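Accompanying notes for the structure given below.
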Amino acid sequence: MNFHALAERLLPGDYPSPAFYEEKYPARTLPKGAEVTRLAPSPTGFIHLGNLFAAIANERIAHRSGGVLYLRIEDTDLKRKVDGAVEAVISALKYFDIQFDEGAEIGGNETYAPWYQRQRAEIYRAFAKKLIEEGRAYPCFCTEEDLSALRDEQTKNKEITGYYGKYAKCRNLSEEEIYKNLDEGKPFVVRLRSLGNPENKIKFHDEIKGDVTVTENDQDVVILKSDGIPTYHFAHAIDDHFMRTTLVLRGEEWLASLPIHIELFDALGFTRPRYGHNCSLMKQDGETRRKLSKRKDPELSLEFYRKEGYFARAVKVYMLTLLNSNFEEWYLKNPDADLNDFPFKAEKMSKSGALFDLDKLNDVSKNELARLSVEETISFLQNWANEFGTEKQRQYFSDEGKLQAVLALCMGIGGKKRRKDFTTASQAMEFIKFFFERPVLHESYRVTDADKRSILNGFLSRYNAADDAQVWFSKVKEIAAENGFAAEMKDYKANPENYKGSVADVAEVLRIATTGRANTPDLWTIQQILGEGEVRARIQGEIV
RNA sequence: GGCCCCAUGGUCAAGCGGUUAAGACACCACCCUUUCACGGUGGUAUCAUGGGUUCGAAUCCCGUUGGGGUCACCA
């Protein structure tokens, strides 16, 4: 068979030689040990926690080593394209401080452009043509029906499915048959002529999983689809070679196709990059757990976390604790260090998939938010409110002095210990709501209606906003004594049967009347912030 | 089903042949306290299973079980 003639018929025209491309996309000059990693999403525009998880790992490894992180868009499948998706990916990741050095819509080092695979069609065809010329690839005229019939038959016979060996019908088509099909205008794909034998095992070192054994590939995989666009596998080999990726860090769902990639790199005469296959983030789904899925878990989209108002750094810290098991310990020891100073290591990544734990994220969030100053908190809350808050919430920011006082109280500024009441912006806004809006729903009082009125009236007759906290509380004690409640906690604890309750119960009545809630930060301070008129009005409103 | 990966408390996990099997989250109790939050002290709870190897196994080997992934002209 004249492979050159066939190649010319299949992919007519002159294509540059491999040497040309080797020169066009030269090896990078980078310091020793520097890693070139990449993110290569398809442009669906949807990113979830799992993507962020992988993105952080790639970013850290590139930048810790003084290397490069680039963004390549795998748009070989037209069905997946969504407008504005690339910008959405970039901005979502930027929110978590993940910056690309080069790539689609970013630019940077133009040497390795373009970063959209559709714009790289020529190079894929050049190498496909070369493989055809070498007899390592061939046209296949099988239709989708042929293929699914084949699959059905193989399934029925309990054989391995796929296009391989004796099942690869078009593999040994005669020259006449090929040209006849071509003359008839039949569409074709280009398949790799696999030389592998699944009996052979390949020992392979994975940067995360360690030594793994994989089976040699024997599938004649499609490398060029009928529209002349490469499949992922082929594009991966070409792009990661010519973009000079040193470390391919990707999800472990790719481990199964690693044999294909190994054979492709060999067939093309490229040196393989190193690989690390990271486990995916899992989600509890009923009795079992499964990989996060963009279809099934919309609540795990990054957008969800922005809407809830999770603090970006908190999400990142949590991801880091899952990513590198020694991160948490390091962070405890170096609470003030830059996160980027953490010595991130691929080999410290877990081999088994971690269950996403919202409790833990919330705990991290509380701690992170408790590190902020009042000013930082205001700007964090305001950014959130401007985008996701209600009109009323945005008005909280109009009286900045009041807001500062509220936050200082709720965050425990000035006290010995910071409070940790805030987990997200939306929750914090809800938490401080009663300072700005009269509570509509009050928690139920636990004293009798008569006691409630008596306590509230007793407070109103004594209340003076000029009182300091001590005087104020001594008045509360008076009210307690007057109504048959113990003024001193220790008296109550000693003889609970002698009292209706304690001063704590009295304070609770005042707290609910003032804020609508049974649990709040210090009540005296709250009343100071609210002002005498507002306090009286609220309490009066509860005496009906 | 074939192939591959994985397996320490409810969750994330340390551990690399000898430990009372760390730590964090969650949970419980107590302390602090006018409530809550914070903080403090203590507690419940883990080596999937069966065989080896070894003086000695969570750690090494084999089987079993369980979980996950993958088997496209999608990535």
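Just so we're on the same page: letters track the sequence lines, and every chain starts at 1. Being a predicted model, the structure only gives us computed values, none of them experimental.
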Salt-bridge contact [X]-[Y] (side-chain N to carboxylate O under 4.0 Å):
X        : Y        : answer
A:Arg193 : A:Glu263 : no
A:Arg72  : A:Glu74  : yes
A:Glu443 : A:Arg511 : no

Between the CG atom in A:Asn181 and the NZ atom in A:Lys186, the distance rounded to the nearest 0.5 Å is 4.0 Å
So if I define the base as every atom that isn't primed, P, OP1 or OP2, how would nucleotides 58-63 of chain B read as a B/S/- string at a heavy-atom cutoff under 4.0 Å?
------
Report yes if a side-chain nitrogen or oxygen of [X] is closer than 4.0 Å to either non-bridging phosphate oxygen (OP1 or OP2) of [N]; otherwise report no.
X        : N     : result
A:Lys416 : B:C32 : no
A:Arg250 : B:A75 : no
A:Thr76  : B:A75 : yes

Candidates [options] - which lies nearest the side chain of [X]:
X        : options             : result
A:Arg511 : B:A26, B:U35, B:C5  : B:U35
A:Val503 : B:A24, B:C12, B:U34 : B:U34
A:Ser325 : B:A13, B:U70, B:A72 : B:A13
A:Ala354 : B:C12, B:U33, B:A75 : B:C12

Mind checking [X] for me? I need base, sugar-phosphate or nothing, with any heavy atom below 4.0 Å counting as a touch.
X        : result
A:Ala504 : sugar-phosphate
A:Thr213 : sugar-phosphate
A:Glu253 : sugar-phosphate

Want to settle it: does A:Thr321 or A:Ala518 sit nearer the 5' end of RNA chain B, counting the closest nucleotide to each?
A:Thr321
Nearest-nucleotide wise, let me know which of A:Thr161 and A:His233 is further upstream toward the 5' end of RNA chain B.
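Closest to the 5' end, via its nearest nucleotide, is A:Thr161.
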Between B:U70 (C1') and A:Arg290 (CZ): distance, integer Å
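From A:Arg290 CZ to B:U70 C1': 17 Å.
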When the distance from OH of A:Tyr164 to P of B:C3 is rounded to whole Å, what number comes out?
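That distance rounds to 13 Å.
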Donor-acceptor pair under 3.5 Å: do we get one between A:Arg419's side chain and the base of B:C36?
yes
Using only atom types and a distance under 3.5 Å, with no angle test, would you say the side chain of A:Asp227 pairs donor to acceptor with the backbone of A:Ile229?
yes
Tell me if the NZ atom of A:Lys433 is crowded by more than 12 foreign heavy atoms within 6.0 Å.
no
